[in-house]
Amino acid sequence: MAKYIVQIIVLGGQVVSKAFVKALRQEYAASQAAANKAGGANKGSANSRTTAANVKAGITLTEAMQILNVDKINPEDVNKRYEHLFNVNDKSKGGSFYIQSKVVRAKERIDQEIAHHKTDKTEESTDSSKS
């Protein structure tokens, strides 16, 4: 009787481990496909910079703009929407800390984009003055 119980446990362990390995491989393949779709480093510096910024912030620029409900990256509009949403979702006022943290992450991501555009414009003006 004990022999059969041991065999059942061993077979069950094998089945579970095979399923785990298969799920792990599928997850790895899915993450590779997502990385390729997002634009790997081999597609150019603009795509790789955007991908790096998305990974760093944990949020895409499009998602950030949707959270703050802005159509264009206008620093004044972004700051206005950020202040409003941050205050409305204050925990002491019955708001949601989760939503408030999403608002902060969205603002950080858009600020990264604004800073990058300022850097690009500075580099362009420097390059044109060298010509």
Side-chain angles (χ1 to χ4, degrees):
M1 177 84 168
K3 180 180 175 182
Y4 294 120
I5 293 174
V6 170
Q7 286 178 339
I8 290 172
I9 291 172
V10 169
L11 288 174
Q14 288 175 343
V15 168
V16 169
S17 65
K18 286 180 183 179
F20 179 75
V21 169
K22 183 177 179 181
L24 195 60
R25 286 182 181 152
Q26 287 175 344
E27 183 61 32
Y28 179 75
S31 67
Q32 290 294 334
N36 290 337
K37 183 179 179 185
N42 60 357
K43 288 190 175 182
S45 62
N47 281 343
S48 63
R49 185 206 53 84
T50 301
T51 302
N54 290 344
V55 169
K56 183 178 178 184
I59 187 171
T60 66
L61 182 59
T62 304
E63 194 176 8
M65 291 174 69
Q66 287 175 344
I67 289 170
L68 293 181
N69 194 25
V70 292
D71 296 329
K72 298 177 184 173
I73 300 178
N74 179 349
E76 294 162 1
D77 291 342
V78 170
N79 287 331
K80 184 177 172 183
R81 294 295 304 155
Y82 167 76
E83 290 293 330
H84 172 73
L85 291 171
F86 187 85
N87 291 331
V88 167
N89 288 293
D90 189 1
K91 186 120 172 119
S92 65
K93 297 177 183 175
S96 166
F97 178 74
Y98 174 77
I99 294 174
Q100 195 178 42
S101 67
K102 283 296 217 179
V103 168
V104 170
R105 297 294 165 255
K107 172 87 166 54
E108 289 174 349
R109 178 63 183 95
I110 293 174
D111 286 345
Q112 286 176 351
E113 198 67 22
I114 291 169
H116 181 73
H117 282 294
K118 286 180 182 177
T119 304
D120 283 350
K121 287 181 182 179
T122 304
E123 289 174 0
E124 287 175 8
S125 65
T126 305
D127 290 342
S128 64
S129 64
K130 289 180 183 178
S131 298

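Computed from a prediction, not measured in an experiment: that's the story for all the values here.
- Annotation: the span from Lys80 atom NZ to Leu85 atom CG amounts to 12.0 Å, rounded to 0.5 Å.
- Taking 4.5 Å as the limit, every side-chain heavy atom of Ile99 sits out of range of all side-chain heavy atoms of Val88.
- Rounded to the nearest 0.5 angstrom, Ile114 CD1 and Asn79 CG are separated by 7.0 Å.
- Scanning both residues, Phe86 and Gln100, for their nearest heavy atoms gives O-NE2, 3.0 Å.
- For Gln14, the CD atom is densely surrounded, since the number of other residues' heavy atoms within 6.0 Å is greater than 12.
- Counting heavy-atom neighbours within 6.0 Å of Gln7 CD, excluding the residue itself, gives a total above 12.
- From Asn89, atom CG reaches atom CG of Asn87 across 9.5 Å, with rounding to the nearest 0.5 Å.
- Residues Ile110 and Val70 are in side-chain contact: their nearest non-hydrogen atoms beyond the backbone lie under 4.5 Å apart.
- Listed by chain and number, the hydrophobic cluster partners of Leu24 are Phe20, where partners are ILVMFWY side chains within reach of under 4.5 Å, directly or through others.
- Tyr28 forms part of no hydrophobic cluster, judged by ILVMFWY side-chain heavy-atom separations under 4.5 Å.
- By the 4.0 Å N-to-carboxylate-O rule, Glu113 lies close enough to Arg109 to be salt-bridged with it.
- Remark: Asp90 CG to Lys93 NZ distance equals 5.5 Å, nearest 0.5 Å.
- If you chain together ILVMFWY residues whose side-chain heavy atoms come under 4.5 Å of each other, Val10 ends up grouped with Val6.
- The cationic group of Lys107 lies under 6.0 Å from the six-membered ring centre of Tyr82 and within 45° of the ring axis, placing it in a cation-pi geometry.
- Taking all atoms of both residues into account, the shortest heavy-atom contact from Ile59 to Glu63 is CG1-OE1, 3.4 Å.
- One distance of note links CZ of Arg81 with CG of Asn74; it measures 13.0 Å at 0.5 Å rounding.
- With a 4.5 Å cut-off on side-chain heavy atoms, Lys18 and Lys22 do not count as touching.
- Ile8 contributes atom CD1, which lies 12.5 Å from atom NZ of Lys3 (distance to the nearest 0.5 angstrom).
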